[in-house]
Number of protein chains: 4
Amino acid sequence: MDNQTGDAPEGAGRRVSSGAKRSVEAESAVLAAARDLLVEKGWAGFSIEAVARRASAGKPTIYRWWPSKADLFLAVYIAEKDDVVVVQETGDLVADLVRYTEGLWSFWRDHPAGAAFRGLVAEAQGGGAALDILRDKFLPERLAPVRDLFARAAARGALDVGPTDICLELWIGFNWLRLLTDRLSDPECLPGVIGWVCGGPGRGR
Amino acid sequence: MDNQTGDAPEGAGRRVSSGAKRSVEAESAVLAAARDLLVEKGWAGFSIEAVARRASAGKPTIYRWWPSKADLFLAVYIAEKDDVVVVQETGDLVADLVRYTEGLWSFWRDHPAGAAFRGLVAEAQGGGAALDILRDKFLPERLAPVRDLFARAAARGALDVGPTDICLELWIGFNWLRLLTDRLSDPECLPGVIGWVCGGPGRGR
Amino acid sequence: MDNQTGDAPEGAGRRVSSGAKRSVEAESAVLAAARDLLVEKGWAGFSIEAVARRASAGKPTIYRWWPSKADLFLAVYIAEKDDVVVVQETGDLVADLVRYTEGLWSFWRDHPAGAAFRGLVAEAQGGGAALDILRDKFLPERLAPVRDLFARAAARGALDVGPTDICLELWIGFNWLRLLTDRLSDPECLPGVIGWVCGGPGRGR
Amino acid sequence: MDNQTGDAPEGAGRRVSSGAKRSVEAESAVLAAARDLLVEKGWAGFSIEAVARRASAGKPTIYRWWPSKADLFLAVYIAEKDDVVVVQETGDLVADLVRYTEGLWSFWRDHPAGAAFRGLVAEAQGGGAALDILRDKFLPERLAPVRDLFARAAARGALDVGPTDICLELWIGFNWLRLLTDRLSDPECLPGVIGWVCGGPGRGR
DNA sequence: TATTAAACGAGACGGTACGTCACGTCTTTGC
DNA sequence: GCAAAGACGTGACGTACCGTCTCGTTTAATA
């Protein structure tokens with residue numbers, strides 16, 4: 001009998017209808033509501049209905065500016081993308097990458113970005129624009145720091161230059177797998193895995 | 001969740017009777033309808049309601065045996081995949097795994113099950129039962145053949161016994177990554193990647 | 001529809017075993033469960049499903065002996081009818097009828113029969129067999145004692161013989177009205193009402 | 001948990017848009033469908049599902065305006081009440097009441113209202129909101145005209161003021177009894193019965 | 001005494017209806 | 001003329017019973 005998804009907006013900051021111009025408050029209220037819902041309820045709690053309720057916005061207003069769920073979701077994700085993990089490089093490829101990955105996992109766990117990214121992957125499976133964005137824009141962009149890490153390691157001879165892309169894909173695939181199956185809670189496994197990806201103890205360079 | 005109307009009669013004089021048996025026709029009709037719907041409409045057209053309609057089955061019958069959409073999907077997936085990806089083992093771990101993976105990719109590409117599986121992953125990001133099924137039931141079950149492959153390789157000394165699970169997760173992570181970003185079209189990359197995963201040229205055994 | 005029992009090729013033996021006898025335990029368990037459910041949950045909690053569960057009986061067993069919900073109701077009611085109030089006749093029609101009615105009300109209030117009867121009336125509004133049972137079987141049967149009361153009063157000159165049926169219907173109508181609107185809690189009103197029905201103070205005899 | 005308006009004291013009125021108005025077509029389509037179903041199928045064929053189907057309305061629309069089956073019944077009944085018989089008062093209580101009752105019976109027989117009312121009584125036996133509506137809202141409202149008839153008769157000395165309520169309950173009880181047992185076909189009995197209720201020949205005034 | 005048909009418990013079956021939720025479109029009203 | 005509020009038809013959700021239908025077991029009358 002309760003309103004479980006997206007509470008009523010209650011007293012405080014009720015916006016009032018702004019009239020004829022596109023309302024900046026409306027836009028940011030919608031984006032904020034969408035982000036908060038993703039944080040609190042995850043992708044399942046992310047519905048246009050709930051966002052409208054939370055933002056005190058009309059559903060048609062949302063549909064007018066973000067014609068599909070994917071559009072709204074992408075807008076939220078893009079608005080959040082400023083935070084990035086940065087790691088001090090020590091020259092030890094495996095150690096650096098382990099620390100970088102630990103940072104990434106905790107970032108995914110603690111920030112809306114984790115839920116948002118899971119949502120993006122989910123949305124992409126519908127086959128629309130989200131897929132293109134995920135593959136052609138998001139992936140290369142997000143991978144750049146790690147690619148550089150590998151590149152510098154290869155440059156100083158710590159890694160064959162050939163398998164760089166293989167390592168990259170194995171590393172990102174493993175991370176996705178863990179994120180998408182909600183198993184980011186044991187970063188102790190990382191040294192072993194990443195050691196293996198990078199060439200492993202007792203295995204060649 | 002309780003039995004609110006008319007308690008079960010508990011212990012005492014219970015006579016025993018097996019009751020009616022599960023109807024094989026009903027089960028296969030449901031599975032067939034589910035499969036056909038997946039083929040025709042994809043994950044979006046896959047609803048319990050639609051399956052029941054198509055199978056001329058009652059909804060409760062479906063819920064009795066497949067408590068969630070994910071369960072039903074899993075049953076369809078399993079019934080289909082076992083018919084498809086089977087590999088003759090040669091004793092060469094990398095070669096065997098490459099051929100198994102090629103089979104998996106072509107199955108995902110050519111068969112509705114691929115799209116359907118992407119749907120399941122998307123569904124799981126909502127955090128409900130689909131996630132549990134995906135992680136606790138689907139993954140272990142589907143990985144069994146590959147796990148055995150590794151286990152047998154380790155048994156004959158072709159692989160250290162330690163990193164078996166690491167290899168497994170790297171392998172499945174890579175495959176998911178390719179599936180979810182719709183990049184299953186270049187299986188030529190597989191020997192290189194799988195070689196690296198299994199210990200790579202000039203590494204390990 | 002099949003005529004599976006008919007066929008008997010005349011002449012020969014065509015003997016049929018009589019099979020097991022109707023189980024007395026089953027019958028009484030079902031009736032007891034039905035009564036208890038009516039007491040505890042009222043008409044709303046009274047479903048064949050729930051009765052079967054409570055009685056540890058199979059649904060077909062119930063349907064075999066009580067083909068409709070109304071039949072089962074009626075059986076419950078009749079099984080309880082031995083408790084029906086019997087009033088010592090004093091010769092004062094109004095006083096006797098008041099005491100009889102008080103007994104009826106408390107019977108309706110305290111016994112499952114009240115709930116059962118309300119359920120039967122409800123069921124009868126669907127227009128099926130329940131209506132026939134209610135009108136043609138239940139009503140005349142239940143009214144017999146009161147009809148006799150009136151008849152004896154008329155016989156001794158305490159009531160015109162003409163309006164007997166009118167009085168009966170007024171009396172039963174009033175009781176139904178009170179029962180169906182759940183207002184059996186003020187039997188103090190009975191002397192006034194019944195006095196009026198029977199001819200009232202300062203009126204008639 | 002209340003505070004649904006936010007009330008903001010400060011500025012002017014803090015008025016909020018009222019939103020779209022209730023659709024008159026939807027409302028009347030639902031009521032018409034409900035009435036027709038009652039006429040054609042009776043209480044048994046009356047389900048929210050069927051009404052929605054027939055009215056080409058959504059179930060949520062129905063539940064929005066008529067939260068329970070009882071409410072919808074009541075609405076159907078009330079929507080029909082304009083046809084209710086109005087009787088020219090002659091000053092002869094019995095004759096007036098007989099004519100009023102004849103009108104009521106033919107109204108019950110010929111209009112959906114009869115079936116609707118029977119359904120309401122049935123529903124009320126479940127003990128939910130329908131019972132409260134029937135007893136506290138429907139009964140007093142429907143009885144008002146007859147109560148007035150008695151009151152005016154008492155005022156002009158044609159009836160003792162005391163037994164007014166008794167007469168009322170006898171009258172309504174008798175009518176219910178006839179309706180609920182589907183015996184509205186012999187209105188010739190009415191003069192006798194109502195004469196008796198109002199004081200009978202040779203009794204009272 | 002052995003056979004056999006019926007009644008039993010259990011419960012699966014195809015269905016209907018329930019009441020809720022979210023979808024995306026539409027209309028009304030106020031700024 | 002945009003935006004809020006929100007009603008609308010649609011349709012899936014998961015649950016409760018309906019009444020019918022097998023199942024194997026138990027039981028008692030017949031032969």
Side-chain angles (χ1 to χ4, degrees), chain A residues 1 3-5 14-23 25-26 47-50 52-53 55-65 67-69, chain B residues 1 4-5 9 13-23 25-27 29 47-50 52 55-65 67-69, chain C residues 13 15-23 25-27 47-50 52-53 55-65 67-69, chain D residues 13 15-23 25-27 47-50 52-53 55-65 67-69:
Chain A
M1 221 44 64
N3 186 357
Q4 43 300 53
T5 59
R14 293 297 301 278
R15 291 182 307 101
V16 222
S17 171
S18 60
K21 305 265 297 297
R22 173 166 182 177
S23 158
E25 300 92 32
S47 69
I48 299 290
E49 198 95 23
R53 218 155 35 222
S56 288
K59 281 197 291 175
T61 302
I62 298 182
Y63 281 108
R64 186 171 306 118
W65 302 115
S68 78
K69 208 167 159 177
Chain B
M1 226 43 61
Q4 53 281 65
T5 61
R14 297 295 302 275
R15 293 205 301 110
V16 243
S17 165
S18 56
K21 287 304 178 51
R22 176 171 185 173
S23 156
E25 300 89 31
E27 175 172 10
S47 71
I48 300 287
E49 253 341 293
S56 288
K59 276 199 293 175
T61 300
I62 298 182
Y63 282 108
R64 180 155 38 240
W65 301 115
S68 76
K69 206 169 158 177
Chain C
R15 217 246 355 101
V16 223
S17 164
S18 61
K21 285 302 187 48
R22 175 170 184 174
S23 158
E25 301 89 28
E27 176 172 11
S47 68
I48 300 289
E49 198 96 23
R53 216 152 39 218
S56 287
K59 281 198 290 176
T61 301
I62 298 181
Y63 283 107
R64 178 153 41 237
W65 302 115
S68 76
K69 222 165 157 177
Chain D
R15 237 230 5 92
V16 211
S17 168
S18 60
K21 284 304 180 48
R22 177 171 184 172
S23 156
E25 300 88 29
E27 176 172 12
S47 69
I48 299 289
E49 199 96 25
R53 234 168 6 235
S56 288
K59 278 199 292 177
T61 299
I62 298 182
Y63 282 107
R64 178 156 39 238
W65 300 115
S68 77
K69 223 164 158 176

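Just so it is clear, the model here is predicted, and its values are computed rather than measured. By convention in this document, chain letters (A, B, ...) are assigned in the order of the sequence lines, proteins followed by strands, and residues within each chain are numbered from 1.
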Revision key, fill the gap. Note: for B/A50 and D/G58 on DNA chain F, the residue whose nearest nucleotide lies more 5' is D/G58

In whole Å, what is the span from the [atom1] atom of [X] to the [atom2] atom of [N]?
X	N	atom1	atom2	answer
B/E49	E/dA22	CD	P	17 Å
B/I48	F/dG11	CD1	P	18 Å
B/K69	F/dG14	NZ	C1'	13 Å
C/I62	E/dA7	CD1	P	16 Å
A/R64	F/dC2	CZ	C1'	6 Å

Practice item. Would you mind classifying the nucleic acid contact of D/A52 as base, sugar-phosphate or nothing, using non-hydrogen atoms under 4.0 angstrom? Key: nothing

Answer yes or no: does a side-chain N or O of [X] lie under 4.0 Å from OP1 or OP2 of [N]?
X	N	value
B/W65	E/dC13	yes
A/T61	F/dA4	yes
C/R53	E/dA10	no

Review point. To the nearest 0.5 Å, how far apart are OG in D/S68 and CD1 in D/I48?
Key: 8.0 Å

Check your understanding: Given that D/P67 and B/S56 both sit by DNA chain E, which one's nearest nucleotide is further toward the 5' end?
Key -> B/S56

Point to revise | D/K59 (side chain) and F/dG11 (base): donor-acceptor pair under 3.5 Å | key: no

**Study point:** Nearest-neighbour nucleotide for the D/Y63 side chain, F/dC18, E/dT20, E/dT27 considered
**Key:** E/dT20

Check your understanding: Which listed nucleotide (E/dT16, E/dA22, F/dG6) is nearest to the side chain of B/P60?
Key -> E/dT16

Practice item. Could I get the full list of side chain to side chain donor-acceptor pair (under 3.5 Å) partners for B/K59, not counting sequence neighbours? Key: B/E49

Revision key, fill the gap. B/S56 meets the side chain to side chain donor-acceptor pair (under 3.5 Å) criterion, sequence neighbours left out, with none

Exercise for review: Compare every heavy atom of B/G58 with every heavy atom of B/A52, then report the nearest pair and how far apart it is.
Suggested key: CB-C, 4.4 Å

